[in-house]
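Everything on this sheet refers to the single structure shown next.
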Amino acid sequence: MSHLPPFLQELNPSQRAAVTAPDGPILVLAGPGSGKTRVLTHRIAYLLTVRRVSPFHILAVTFTNKAAEEMRSRLEVLFGERAAELTLGTFHAICARFLRREASLLGLNPQFVIYDEEDQLEAVRQVLRDLNLDEKRYRPGALRAAISRAKNEFVRPDDYPIRTYFDEIVARAYSRYEERLRAAGALDFDDLLLRAVELFQNHPEVLARYQERYRHILVDEFQDTNNVQYLLLRQLANQHRNLFCVGDEDQSIYGWRGADFRNIIRFREHFPDARIIVLEENYRSTQTILEAAQSVIRFNTERYNEKRLSAARGPGSPIAVYEAFDEEDEAAFVASWVQELIQTHGVRPREIAVMYRTNAQSRALEEAFVRAGLPYRLVGGLRFYQRREIKDLLAYLRLILNPHDDLSLTRVLNVPPRGIGPATLSKLTALAQRQKSSLFTVIEQISGGAVRLSFPHKIRHALADFAERVQAWRAIREGMSVADLLRQIIHDIGYAEYLESLEGHEPEIGGQRWDNVLELLRVAAPYRPGVFEDPLAAFLGEAALISDVDTLRDDVEAPVLLTLHAAKGLEFQAVLITGLEEGLLPHSRSMDDPAALEEERRLFYVGMTRAKDLLVLTYAFRRYDEIRTSSRFLREIPQELLTGTAPRSRWRIASTRESSTRETSGASPGSLRFPPGTQVHHPRFGKGLVVESRRVGSDEEVVVMFEEVGLKRLLASFAGLRIFPDPTRS
C-alpha cells in the first residue's frame, strides 16, 4: 500500500473500497461506529487530490450543523483554506442558499426570514385566533405536524384531502398559515426544501446550472432523508449521476417527521447500476454491546441487508440490568451509578450519557442529580436560541432584515415596554387584516398620518418611534457586522437596563440573561462584511437551523441527559438507557403499528450502539403509579450477555489501545444461592418465597411470590435479596 496517499493507507479494505470507488451512484451501508464520517471526508479528499476535482464542483450534505462542522474541521486539517470552497452543510441550510440566490424567480424576497419550530407553532396559534378556533380543542402542535406532512408530500392547501372534520380544519388552517407566511416574507423549514424542488421543476435552466456545478454529491445519514430531500438529490444528480450516499436503515429513527428509510431500497431501483459497499467493522463499541444490539435489531423485518458487525476492541464487560421499584428509585440508582463511575473508575463526566424515550422522564433524573450534587447537561431543555432575551434580540434582527415579519414585530413591539398593550395590538392587527398588509405597514401609515385610529398621542408617538428606529437600523446595517448591529439595538432600546429591571422579579436568573446576551454577541462576531455577502441573512439563517445536538458543547465536564432521538451521531464511554418498559420503550403509540414498533426497536438499537465500554439498562416495577412490564427489547437480548449491576468492580473501562475482556464471577457453576422454598426479603417488595430459580450466565434468576406485590422475576445479583430469617444469625 506504499503507493497510496497517506490518508488512504489508514483505511480498512471496505472503507478504502468506498473512498476510491469509480464515478457513478454509490451506496455505502455503514453500521454504527464503522467510520462513516471518515469515509465521507476521505472520499472528498480522494476526489480533490487523486481525481483532481475542483472543490467548486463538490456538494456535501449532512443532517446537523454539528456533523457539518465536524466534517469541515477534518477537511481543513487535510486541505486548509481550500476546504472552504466546498459547498457543505445541512439540507435546509443549502436550500436556503439556493432560494436566496434565485429568489426573484419564485417571487420571494431574498431577505426572507426562516421560521423555526417555535415560530411555526406561534404562527399556527395566530391562525387559530384568526379562524376563531379553540386552541384547546385543536392543538397547535397537531395542526403544525399535519401541515408539515402535507408539504413533505407536495400537497398544497387547495389540494388537501378532506376525509374528516379535522381534515377540514387542517385545510383551513393550512391556507391561512400560508397567507401569514407570505405576508411576513417568511419560509418554514419544510418550505426551504419544497420551494427548492419547485424551483428546479419549474426552471430547468436553473437546474441545469446547478447540475453542472455540483458534479459530485455526497450525502450523510441517507436513511433519514424524506421524500422531498430524495427528490432534490435525484434532481441535482441526474446529469452526472455521481451520487455518494452513506446510511444504515437500522438507524432510521425519524419516521415521525417524514424520514423514509425505504429510500435506500428506492436508490437501488432508480440506480440499478449502483455500487453497494458494506462497512461492518466497528471501532466504537465492545463485541458484547454489538452482539446485544444485533440480537435486538434482527427482530425487525424491514431491513435492506443483514450486517454482521464485528468489534475491533474485544469482548468487553457484560451489559448490566437494573430493576427499580419506581422512577424515583431508578433515578437514585442512575445518580449513584454515575457518581461511582466518576469517583471510583475515573470516567470523565462528559463521557457518561443517560438516555430516555421521552423528555418527561428527565424530571426525576434531574432531581436525583441535584440531590446528589452532580452537575449535568440537559439536551432538549430550553435551548440557547429559545431563551427569552435571545428571542427578543433575534426578533429585532429579523425585523431589520424584513420589517413585514409580523411574528417578530408582535414579540418586540412592547419590549422594552413602550405603553403599547394588547388592545392597541388588536386594533393594529384588525386593520392589517382588512388591508391585507403587514403590521409594520399599518404602523408606518399611522405614523405618517395616512391612517387615523383613535389612539392617544402617547401611543401614536411610541408607534412612530418604533417604526423610525427599525428604518434607521435598516439604513445602517449594510456596512456593519451583526455584532455591531446588535450593540446598536441594545443601546438604542435600553435593553441592558430592561434586563436589569427584570432582576427584581427573577433574581435567580436575572444575571444569566445578560450573560446570554454577551454570548450572542460572541456568536455573532464572525458575521461581518467581507466574510459574508449578507452577514445578517447568513446569521439569522444559521440561528434558525440550529438543533439541540448542535448546542451540545464538548468542553463541559458533566454527564449528559438526553432523549434517544437526540443521541443519534454521538458516542460515550458509558451509557445508561432508562425506562425499558412496555408502553414507554417501545412507546404505547407503536403497539398497534408494526412499522412504528420497528422504528422503536431501531431507536433502542441506536441508543445501545452509542456506548463504547459500558451499557446499563434499567426499568421500573412501577412508574407514574402504574404497574409496568419490562420491555420486550430486554427479552430479545441473550441472557448470557446480561448481568446484574453488582459487584461493580467487575466493570472494566478499556482504553482505546487495549481490548476489553469479559470477566466472570467466582460463583461455581450450578450453585444456587436462592433455591426454591427459600424465604427472602426484598428492600422494596418485602417478604416473599422463592418458587423458581435458575442459573443465567454468571447470575441467578429467581421467581419470588411476595406477600404484598405478588409474583416477581428478578436477577439475584442486583435485586438486593437477603435470606429471611438470616441463617448466619442465631
Side-chain angles (χ1 to χ4, degrees), residues 288-289 291-296 298-299 315-326 329-330 333-334 337 576-586 604 608 614-623 627-651 662-724 726-727:
T288 298
I289 292 171
E291 288 178 14
Q294 290 181 103
S295 69
V296 171
R298 285 193 187 105
F299 281 83
S317 302
I319 296 167
V321 180
Y322 178 75
E323 182 191 55
F325 177 72
D326 56 17
D329 180 30
E330 180 184 57
F333 164 76
V334 170
W337 178 80
L576 191 148
I577 303 176
T578 65
L580 272 156
E581 300 142 28
E582 291 290 297
L584 193 53
L585 184 63
F604 182 44
M608 296 173 78
L614 296 178
L615 178 61
V616 176
L617 310 174
T618 72
Y619 63 99
F621 164 71
R622 180 190 295 271
R623 189 181 300 273
I627 303 300
R628 314 292 289 199
T629 303
S630 62
S631 171
R632 68 191 71 188
F633 299 158
L634 271 178
R635 299 190 289 275
E636 292 168 0
I637 301 174
Q639 289 292 315
E640 61 268 19
L641 301 178
L642 303 176
T643 185
T645 57
R648 296 180 189 170
S649 58
R650 289 170 45 198
W651 291 345
R662 185 181 300 165
E663 302 169 12
T664 59
S665 71
S668 61
S671 62
L672 292 173
R673 186 181 172 200
F674 302 100
T678 305
Q679 294 185 64
V680 295
H681 183 274
H682 187 277
R684 291 282 186 178
F685 307 145
K687 295 178 183 179
L689 181 71
V690 176
V691 296
E692 184 183 331
S693 59
R694 67 185 182 96
R695 300 300 306 173
V696 179
S698 61
D699 209 336
E700 182 178 349
E701 182 182 80
V702 294
V703 178
V704 184
M705 176 60 74
F706 289 101
E707 294 176 0
E708 294 183 4
V709 297
L711 211 61
K712 296 290 294 180
R713 188 180 298 272
L714 308 166
L715 282 176
S717 63
F718 65 91
L721 293 175
R722 61 182 177 84
I723 297 173
F724 185 86
D726 191 337

Between [X] and [Y] (side chain of the first, backbone of the second, donor and acceptor by atom type, cut-off under 3.5 Å), is there such a pair?
X: Glu582; Y: Arg632; result: yes
X: Ser631; Y: Leu585; result: yes
X: Arg635; Y: Ser630; result: yes
X: Glu700; Y: Ser693; result: no

Would you name the heavy atoms of Tyr619 and Leu580 that are closest together and state the gap between them? CB-O, 3.1 Å
Aromatic rings Phe633 and Phe604: how do their planes relate, parallel, tilted or perpendicular, breaks at 30° and 60°? parallel
Does the plane of the ring in Phe325 sit parallel, tilted or perpendicular to the ring in Phe685? Use 30° and 60° as the thresholds. tilted
[atom1]/[X] to [atom2]/[Y] distance, rounded to the nearest 0.5 angstrom?
X: Leu641; Y: Thr288; atom1: CG; atom2: OG1; answer: 6.0 Å
X: Arg684; Y: Arg622; atom1: CZ; atom2: CZ; answer: 11.0 Å
X: Arg673; Y: Leu721; atom1: CZ; atom2: CG; answer: 8.0 Å
X: Leu672; Y: Arg694; atom1: CG; atom2: CZ; answer: 11.0 Å
X: His681; Y: Arg722; atom1: NE2; atom2: CZ; answer: 5.5 Å
X: Ile289; Y: Gln294; atom1: CD1; atom2: CD; answer: 12.5 Å

Should [X] and [Y] count as side-chain neighbours, where that means a heavy-atom distance under 4.5 Å?
X: Thr578; Y: Phe333; value: no
X: Ile627; Y: Phe621; value: yes
X: Leu617; Y: Ile637; value: yes

Would Thr618 and Glu330 count as having a side-chain donor-acceptor pair, cut-off 3.5 Å? yes
Take Val704 and His682 through the test side chain to side chain contact (heavy atoms under 4.5 Å, CB included) and record every step on the way to the result. CA-CA 10 Å; Val704 184; His682 187 277; over 6 Å; no
Before accepting this row, confirm whether a basic side-chain N of the pair Arg623/Glu581 lies closer than 4.0 Å to the acidic partner's carboxylate O. yes
